[in-house]
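Right, one structure below, let's go through it.
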4 protein chains.
Amino acid sequence: MTPSFDIDMSVRDYELDLQGIVNNATYLNYFEHARHMCLQRLGFDFARMHESGVEPVVSEINVRYRRSLRSGDLFTVKTSITRDGVLRFVFDQHIVVQPHGEVAAEALVTAVFLSNGRPSRPPAAVVEAIGG
Amino acid sequence: MTPSFDIDMSVRDYELDLQGIVNNATYLNYFEHARHMCLQRLGFDFARMHESGVEPVVSEINVRYRRSLRSGDLFTVKTSITRDGVLRFVFDQHIVVQPHGEVAAEALVTAVFLSNGRPSRPPAAVVEAIGG
Amino acid sequence: MTPSFDIDMSVRDYELDLQGIVNNATYLNYFEHARHMCLQRLGFDFARMHESGVEPVVSEINVRYRRSLRSGDLFTVKTSITRDGVLRFVFDQHIVVQPHGEVAAEALVTAVFLSNGRPSRPPAAVVEAIGG
Amino acid sequence: MTPSFDIDMSVRDYELDLQGIVNNATYLNYFEHARHMCLQRLGFDFARMHESGVEPVVSEINVRYRRSLRSGDLFTVKTSITRDGVLRFVFDQHIVVQPHGEVAAEALVTAVFLSNGRPSRPPAAVVEAIGG
């Protein structure tokens, strides 16, 4: 497992729904943004991967929502990565509200690499960076 | 379990991401819309529930993505509901691509009712409609 | 000007914001979806245009919001197209709430075709379909 | 006119569309977030305004898109406010790409205050803060 990669974000009011809380789908936006920032810090650029034709796609997501995010909330998304078999990576992610550290949500996100639309071994550089 | 409630939808191009496929978070929008339509058919209005102060919130989501949705795809979201213990409901949902019926994604979505921010027994009418 | 192309849509609850009304940005999603459906009926496919390297992009948008859209609203997006000079098209769009026909919003959307990132003459087939 | 209020943001990959550029509707999200941050710095909280029953809504938006925003772009949203008559405020907003300062988009956004759904004079504190 990689060490945790942390990114600070804040709720934007347009992400709130009728209930005055961040909509459940928006947490997936936050998690995705954190994964891309994490890959970027490891040296990988999502847009360039797409152009190369070998790119990760999400195959499974499990999210537990523990505390609603509201207008003005500041939070940290924590991400670590492990390899799962030959083809899959699992991102372990948490949203932690600042400054008191309550967990707003936790997620396990499984990704596979596709090459021309078919599951394929991830690029060697990715495996090495994550620590297979 | 309630019988399956089906709703037909189609991909809108603004829901596509850089990869040319519907973004993973958008599936949660589809699933939510289908749940609200399902509740509506059972006689419940989400906006009115919110005003009454007793309303369902999502506590857990598990999604398996099986086939990417693309521009022009027509699909059906199938939803059925079961009760899980005293406090929770589980929505079993599938996205089925038309006309050939491939499953694009399947989800289990757990919801609890909150009353003034605390988990509470769901309204009796809801329990009765779903068949507790 | 082309005749008006109409498409029926309905508000989805995840499009509502804290104020209980459809967020102002979401109207642009509705208008875009209607433009793409309009182009499709004229024989053009947005995803395929993108692959061909010659594609329309929005250069200017003017929207007047007249009546808020709310949960449960059914509406029609009306779209007609005119050519504006050699390089630009203008889409004249209205959102009309059913069944009483109040105008929720009206928009003028200007689009230009880009070829390899530069403004270019629109494909002859497009000009002919719209009626230059 | 208030002095310019600046906020730094960056493109998140989920905001990109099929064309690999930020979708036109997402610019309205950026502009809205900057307006709320601006109001907050002036001492007003959007969520609390909503609860008080007197709140601003957008009545008109004019956006010129000058340069597409792409993956990895860092930008500043600049916002200043002027009063327009008794009932309206106009936000003059620019998105400026860093570090070279190209203008990606410019917008004029008109807002009115609603009290119980009807246009009303803005609260005196708001008028004073903006400098009527």
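Just so it is clear: chains get the letters A, B, ... in the order the sequence lines come, proteins before strands, and each one is counted from 1.
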OH (Y30(D)) and OH (Y14(A)) are apart, to the nearest 0.5 Å, by 7.0 Å

Here the gap from R35(D) atom CZ to D13(A) atom CG, rounded to the nearest 0.5 Å, amounts to 11.0 Å

Residues, nucleotides or ligands: over 12 heavy atoms within 6.0 Å of R67(A) CZ = yes

Practice problem: Answer yes or no: is there a side-chain heavy-atom contact under 4.5 Å between R12(A) and M9(D)? | Solution: yes

CE (M37(D)) and OG (S10(A)) are apart, to the nearest 0.5 Å, by 6.5 Å

Turns out that what part of Q40(D) lies under 4.5 Å from chain A's heavy atoms comes down to neither

